Amino acid sequence: MPRRGPDRWVPRSSRGAALRDGLRAYGLIVAMWVRSTMAYRGSFVMTAFGNFAGSALDFVAILLMFSHVDTLGGYSLPEVAFLYGTSATAFGLTDLVLGSMDRLGRRVRDGTLDTLLLRPVPVLAQVAADRFALRRLGRITQGLLVLGYAVASVDVDWTVLRVLMVPMMVLSGAAIFAAVFVVGAAFQFWAQDASEVQNSFTYGGTTLLQYPPTVFAQDLLRGVTFLVPLAFVNWLPALYVLGREYPLDLPVAVAFLPPVVAAGCCALAGLAWRTGLRAYRSTGS
């Protein structure tokens with residue numbers, strides 16, 4: 001059946017072809033930047049290590065806290081490490097794939113977005129792949145190491161369901177963060193200089209999720225559960241794995257909703273992006 005698009009009827013097959021074209025274009029642009037990066041392998045190693053070390057400082061801060069206390073908000077170090085590892089890994093994946101989205105406001109201000117519109121390639125794919133930074137693998141590696149420590153140390157009965165919950169929350173969390181990245185970029189079509197607002201929900205969001213929800217106010221928990229659903233990145237599924245109750249006393253079933261929430265967030269992000277792109281009127285110069 002045909003499907004109503006922004007301005008005309010567009011067959012579903014055409015939308016599928018556009019998605020394939022976008023993924024292919026994204027892959028080609030990424031491959032170009034990877035080749036450029038690997039031309040200076042020594043520089044890549046140093047910058048990747050710097051990215052690893054910089055992100056590791058967040059966990060060092062947690063270790064310093066636990067050098068003075070036995071629990072944080074009622075959570076032990078392995079439990080907090082589990083929250084940290086799932087959040088950092090999910091965000092690291094998104095940051096690797098879509099980390100350049102915050103540059104959109106600059107392109108809108110100086111008019112260089114027009115050059116992307118002239119190319120027969122989806123604009124979202126071009127913006128996302130622009131200046132693809134392979135060094136961000138350092139952040140993912142650091143998150144995986146902490147997650148591995150947590151899984152080995154936390155006092156949990158690892159049933160098959162709990163084991164499967166770990167990759168589910170990482171992948172769903174990455175998709176939720178991706179939706180936030182795209183919505184933040186779409187907002188810049190109007191705000192133009194709102195990258196810091198976007199970063200408060202992306203970089204700020206992952207820092208928030210690295211700590212137990214019990215250390216935050218109820219109003220903040222409601223906001224990241226029902227308004228910007230960052231709690232579905234790791235808090236809700238992770239607390240099920242750890243055998244903990246969520247402070248808002250939600251039903252246990254919500255721990256299994258991250259894939260559904262991620263799909264809904266991505267759909268809304270796609271709508272926001274298309275709306276913002278249609279509203280773009282260049283710089284006028």
Side-chain angles (χ1 to χ4, degrees), residues 22-23 25-38 40 43-58 84-109 112-113 116 121-144 146 170-189 191-210 228 230 233-234 262 265-266 269-270 272-273 276-277:
L23 292 175
Y26 178 87
L28 291 173
I29 298 171
V30 166
M32 177 191 69
W33 283 107
V34 169
R35 287 194 299 271
S36 174
T37 299
M38 298 311 293
Y40 303 93
S43 175
F44 162 70
V45 171
M46 288 187 290
T47 54
F49 178 77
N51 189 267
F52 173 91
S55 58
L57 291 176
D58 292 336
Y84 179 98
T86 50
S87 172
T89 304
F91 178 78
L93 291 172
T94 306
D95 192 39
L96 176 68
V97 176
L98 297 174
S100 298
M101 296 296 293
D102 59 357
R103 293 192 178 94
L104 181 66
R106 190 182 311 162
R107 285 189 173 276
V108 171
R109 290 195 306 274
T112 56
L113 184 64
L116 306 186
V121 175
V123 177
L124 180 59
Q126 296 182 71
V127 174
D130 184 39
R131 298 187 180 277
F132 181 85
L134 196 61
R135 66 177 183 277
R136 292 177 178 140
L137 286 174
R139 180 187 294 272
I140 300 174
T141 303
Q142 189 266 336
L144 286 173
V146 175
V170 169
L171 295 177
S172 299
I176 293 172
F177 273 128
V180 176
F181 265 94
V182 173
V183 170
F187 178 64
Q188 294 185 54
F189 280 114
Q192 299 184 11
D193 191 16
S195 60
E196 293 306 318
V197 176
Q198 177 181 341
N199 292 340
S200 68
F201 289 98
T202 52
Y203 291 92
T206 187
T207 301
L208 176 80
L209 298 174
Q210 291 167 2
V228 182
L230 294 176
V233 171
N234 71 335
C265 288
C266 289
W273 175 262
L277 191 60

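On a predicted model such as this, the values are computed, not experimentally measured, just so you know. Heavy-atom basis, side chains included; hydrogens, waters and symmetry copies ignored.
One finds the OG1 atom of T37 at 6.0 Å from the CG atom of L134 (value rounded to the nearest 0.5 Å). Here the straight-line distance linking atom CG of L104 with atom CD of Q198 works out to 8.5 Å at 0.5 Å rounding. The CZ atom of R103 sits 11.5 Å away from the CD atom of Q188 when rounded to the nearest 0.5 Å.
With F177 as the fixed residue, the side-chain contact (heavy atoms from CB on, under 4.5 Å) test singles out one of V97, L98, L93, L230: L230.
Atom OH of Y203 has more than 12 neighbouring heavy atoms from other residues, nucleotides or ligands inside a 6.0 Å radius. For F44, the CZ atom sits in a packed shell: over 12 heavy atoms of surrounding residues, nucleotides or ligands are nearer than 6.0 Å.
With sequence neighbours excluded, no residue forms a salt bridge (charged side-chain N to carboxylate O under 4.0 Å, His left out) with R135. Applying the salt bridge (charged side-chain N to carboxylate O under 4.0 Å, His left out) criterion to D130, with sequence neighbours excluded, gives R107.
Considering every non-hydrogen atom in both A186 and A272, the closest pair reads CB-O, 3.5 Å. Summarising the geometry of A90 relative to V233, their closest heavy-atom pair is CB-CG1, 4.3 Å, with the distance given to 0.1 Å. For the pair Q142 and S55, the tightest heavy-atom approach, listed with the atom from each and the gap, is OE1-OG, 3.6 Å. Shortest non-hydrogen contact noted between L96 and Y26 is O-OH, 4.4 Å. Closest of all the heavy-atom pairs between S87 and Q210 is OG-CG, 3.9 Å. Considering every non-hydrogen atom in both F91 and T206, the closest pair reads CB-OG1, 3.6 Å.
Checking side-chain atoms of D95 against main-chain N and O of R136 turns up no donor-acceptor pair under 3.5 Å.
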Tell me which donor-acceptor pairs under 3.5 Å the side chains of residues 121-129 have, and how far apart each pair is, sequence neighbours excluded?
unit_1, atom_1, unit_2, atom_2, d
Q126, OE1, R119, NH1, 3.1
Q126, NE2, L116, O, 3.0
Q126, NE2, V121, O, 3.0

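Two residues are said to be in side-chain contact when any heavy atoms from C-beta on lie closer than 4.5 Å; Y84 and D58 meet this criterion.
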